[in-house]
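See below for the structure under consideration.
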Amino acid sequence: MLLVETPAAALAAARRLPRPLGFVPTMGALHAGHMSLVERAVRENASVAASIFVNPLQFGQGEDFARYPRDFETDSALLRAAGVALLYAPTPAAMYPAGFATSIDPGPAALDFEGASRPGHFAGVATVVTKLLHIVEPTRLYLGQKDAQQLAVLRTVVRDLDLPVEIVGVPTLRDVDGLALSSRNVYLDARQRAAAPSLHRALQAVAQAISGGESDVGRALEAGRPVIEPPLELEYLAVVDPLTFLPLERAAPGALVVGTVRAGATRLLDNEPVLARVEAVR
Ligand code: PAF
């Protein structure tokens, strides 16, 4: 695995890689969820590039940029062992040199939910991922479905800016108790960790209510709210169109249930698709 730290070196190295080229952008602190993206990229492409960059632009004031978990040696060993050919790990100065001034406004998909809770977050994500795509020029971009709004925002950016890349959304990996894997799970204390899977159960309860025929979102959400266990505090629970991320008042299979809870200073987010009800075969 070749390690490069500047845009010019990354561009030159990526252009030498066999195509199709899969690309997995990360902020490091890799867990099995990230590795499922890498493994899928390795299966589907002739070569794979990854990046590790804790992107200051996507953290708001008072968020966890400084304490975000960082373990470059372990991360790069995992990527090498998984078959990644090129790792781009720029410094903040290489990514954002003095005078850097451009920002990508991702539009309405970025306004609600995480966009409202974290002003500027999706502009930061859209800006860094657009830069990475220009530097790596991949055939396919691999993103986790856990960050469903990020996925919707980046699909919009890629479409609107005519970026020549196919986006592959990879299903969320969960612990045995249902908690979605996240680099931020390491922040949870024992009580928060024990309650954390109740977020996914709440999302499932809403999705099942809609699959079972409840089209009124207000009523469907009532099935989920009581499921959240203390000390978790519900921030939002909603049903959205997975492509536009606009909230729905009436829902049907194909919609996405999204939710975020606070566990102390840590925010946990997750989502659950509303599936069509499979009628029993008589
Ligand atoms: O999902 C993430 O880890 C980040 O938002 C990403 C896509 C690597 C951009 O910094």
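First listed ligand is number 1; within each ligand, the first listed atom is number 1.
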Verify whether one side chain among Y142 and E166 offers a donor that lies under 3.5 Å from an acceptor in the other. no
If you compare H34, M27, Q58 by their heavy atoms, the one closest to atom 10 (O) of ligand 1 turns out to be Q58
Closest by any non-hydrogen atom to atom 8 (C) of ligand 1: pick that one out of S182, G144, A29, P25. P25
Is D175 salt-bridged to R193, going by a charged N under 4.0 Å from an acidic O? yes
Main chain of L21, side chain of S47: is a donor-acceptor contact present, judged purely on distance under 3.5 Å? no
Close-contact set for ligand 1 against V128 heavy atoms, below 4.0 Å: 9 (C), 10 (O)
Using a 3.5 Å cut-off on N or O atoms only, is Q150 in polar contact with ligand 1? yes
Can you tell me which portion of T26 lies within the under-4.0 Å heavy-atom range of ligand 1? Options are side chain, backbone, both, or neither. backbone
Between R262 and E235, is there a salt bridge with N-O shorter than 4.0 Å? yes
Take the angle between the ring planes of F65 and F59 and call it parallel below 30°, perpendicular above 60°, tilted in between. perpendicular
